[in-house]
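Computed from a predicted model, the values in this text were never measured in an experiment. Residue numbers begin at 1 in each chain, while the letters A, B, ... track the order of the sequences.
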Protein chains: 2
Amino acid sequence: MDKTEISTRPERKTQSWTQDPEGVRRNILEAARIEFVEHGLRGARVDEIAAKTATSKRMIYYYFGDKEGLYRAVLEAMYERIRSFERGLDLSALPPREAMAKLAGFTFDYHAENPDFVRMVMIENIHHARHLSSSAKIAELNLSIIGVIRDIYERGVAQRLFRPGLSPLDIHLTTSALSFYNVSNRATIRQVFDHDMGAPEVLARRRQTVVETILAMLRR
Amino acid sequence: MDKTEISTRPERKTQSWTQDPEGVRRNILEAARIEFVEHGLRGARVDEIAAKTATSKRMIYYYFGDKEGLYRAVLEAMYERIRSFERGLDLSALPPREAMAKLAGFTFDYHAENPDFVRMVMIENIHHARHLSSSAKIAELNLSIIGVIRDIYERGVAQRLFRPGLSPLDIHLTTSALSFYNVSNRATIRQVFDHDMGAPEVLARRRQTVVETILAMLRR
DNA sequence: GACCAAATGAACCATCTGGTACATTTCAAT
DNA sequence: ATTGAAATGTACCAGATGGTTCATTTGGTC
């Protein structure tokens, strides 16, 4: 079947393996995540992803269709992951200020601990979020965080702890921005200010400032 | 000199033009900016840049060496541009709170009005800011903004308007984050929350919240 | 144990893309 | 007018890269 006879490989023309579709899928997804996060959609090389895999490039196309299909799969998997973490929070029992501080702290920590997620969101924004279109899961995820914030905020306003007039989205955007930026812009911040936002002490200090800022924003 | 005789072009084998090195340079830079901002470093196509140019691909390599050289040139030009705007501010005459509000407002507006700059910074961060290394101009630029903030902040602390204990960089990072995020993550915010941060009313409202948040952060 | 769809391997290809070779023209100094 | 360096046009290429073709194997089902 080989068109060429000059192969230097041994006589073996066939090979054995065990089937494991789900394992192969996960394995590809993991390798792809690393590559896309590091090099972006266009910068990532399919051959390089395949090389990092326990299987072959053939399998990438078999399971994911094309490069963009693989990218979308990686993106979805990352968004699904964050949801599971968020569910672990139980804020409805805490008083408003404590609840908000805990939520802000969690958001800050999640971003700091998951730079891959942050980079993926950056990359997706560069591409105008065109791969994030028709995913019901994502809508659900984010509606839920808004709901959590609304609950805390309304309790806080009712107790005259928070100033009225803000929208839950305002609060979420502020929290996200202050959590996202340190990670997303870490490289330019280091170059420009010679200040490493990834250093533990720096990060801890920044965390406190961010939480305090959120609370200051809410104060009457 | 043509190796092929099947050209369908007219007999003309030579052509006339006027020399204009600086114009050509600027023209290339402008076309490159558009392409890099839209597609990123790897995504941008040199042929496409050349096509948007009044001249040829040959000139790109003549003036900028290679694709990365061109990218660096675009990046530097954008950083230089923001400096000229910043100089226009005169904040030393204003009282601390007003000065800080004006600075925050300016920062917010500059980001909102220059999404190209924001995208370029995003792209550079994706690449770990490796093209931003040895530029003295950039260091100077950013040192100056820190100096401006320090001046305002120290006056505010001396007048017991601001709480002590913050660093100028803290304040700058907060201002930047709140100005950057709306623009950098506009695409995902729209997809996820069905909320367009680019709409004028939305932007104006957000601007006010951001300025208020900065002031709240500083308040004793 | 025959059979078939799902799963996998290995080589191959068409095209895109950054970069270059070479000839030619402009412009300023002499 | 001459000349040489800077500037420009045209065609071309080598390698990288996304994607495909074709054959083969596995595992379950009857």
Side-chain angles (χ1 to χ4, degrees), chain A residues 1-29 31-32 35-36 38-74, chain B residues 1-29 31-32 35-36 39-74 131:
Chain A
M1 80 230 61
D2 265 341
K3 289 182 186 166
T4 163
E5 298 293 329
I6 53 172
S7 170
T8 61
R9 281 170 294 112
E11 293 302 285
R12 165 187 60 84
K13 291 203 176 241
T14 68
Q15 198 169 326
S16 270
W17 35 269
T18 20
Q19 279 188 189
D20 179 15
E22 277 315 302
V24 169
R25 247 188 114 87
R26 268 200 312 275
N27 181 234
I28 291 173
L29 230 31
E35 283 294 299
F36 282 129
E38 185 54 35
H39 302 291
L41 174 50
R42 283 231 166 71
R45 299 294 154 217
V46 177
D47 284 303
E48 195 55 33
I49 295 173
K52 284 189 164 47
T53 287
T55 98
S56 69
K57 182 162 71 160
R58 177 69 183 74
M59 290 294 93
I60 293 174
Y61 288 95
Y62 184 70
Y63 283 118
F64 299 98
D66 57 11
K67 191 184 183 182
E68 279 203 29
L70 179 56
Y71 174 84
R72 273 194 301 270
V74 170
Chain B
M1 78 227 70
D2 265 340
K3 288 182 186 165
T4 163
E5 298 294 330
I6 54 172
S7 169
T8 61
R9 281 171 293 112
E11 294 302 285
R12 166 186 57 84
K13 289 198 175 247
T14 68
Q15 196 169 327
S16 273
W17 36 268
T18 20
Q19 279 188 190
D20 180 15
E22 278 315 302
V24 169
R25 245 189 116 86
R26 269 200 311 276
N27 181 234
I28 291 174
L29 231 31
E35 283 294 298
F36 282 129
H39 303 290
L41 173 51
R42 282 228 167 71
R45 299 293 153 219
V46 177
D47 284 303
E48 195 56 33
I49 295 173
K52 283 188 164 49
T53 287
T55 109
S56 68
K57 181 163 69 159
R58 178 69 185 72
M59 290 294 92
I60 294 175
Y61 287 94
Y62 184 71
Y63 283 118
F64 299 98
D66 58 11
K67 191 184 182 182
E68 279 203 29
L70 179 56
Y71 174 84
R72 273 194 301 271
V74 170
H131 310 90

Side-chain-base donor-acceptor pair under 3.5 Å for A:Arg58 and D:dT21: yes

Heavy-atom donor-acceptor pair, B:Lys57 side-chain to C:dG19 base, under 3.5 Å: yes

Phosphate OP1/OP2 of C:dT8 contacted by A:Tyr63 side-chain N/O (<4.0 Å): yes

Phosphate OP1/OP2 of C:dT8 contacted by A:Ser56 side-chain N/O (<4.0 Å): no

Interatomic distance, [X] [atom1] vs [N] [atom2] [rounded to whole Å]:
{"X": "B:Glu22", "N": "D:dA6", "atom1": "CD", "atom2": "P", "value": "15 Å"}
{"X": "B:Met59", "N": "D:dT8", "atom1": "CE", "atom2": "P", "value": "5 Å"}
{"X": "B:Leu41", "N": "C:dT17", "atom1": "CG", "atom2": "P", "value": "14 Å"}
{"X": "B:Phe64", "N": "D:dA7", "atom1": "CZ", "atom2": "P", "value": "12 Å"}
{"X": "B:Ile49", "N": "C:dG19", "atom1": "CD1", "atom2": "C1'", "value": "14 Å"}
{"X": "A:Glu35", "N": "D:dT17", "atom1": "CD", "atom2": "P", "value": "11 Å"}
{"X": "B:Leu70", "N": "C:dG19", "atom1": "CG", "atom2": "P", "value": "10 Å"}

Across the strands shown, which category fits [X] at heavy-atom distances under 4.0 angstrom: base, sugar-phosphate, nothing?
{"X": "B:Ala54", "answer": "nothing"}
{"X": "A:Arg45", "answer": "sugar-phosphate"}
{"X": "B:Ala44", "answer": "sugar-phosphate"}
{"X": "A:Tyr62", "answer": "base"}

Position toward the 5' end of DNA chain C (nearest nucleotide), B:Tyr61 or A:Thr55: A:Thr55

Nearest-nucleotide pick for B:Asp47, side chain only, options being D:dT17, C:dT17, C:dG9: C:dT17

Counterpart residues, salt bridge (charged side-chain N to carboxylate O under 4.0 Å, His left out), relative to A:Lys57 (two or more places apart): A:Asp47

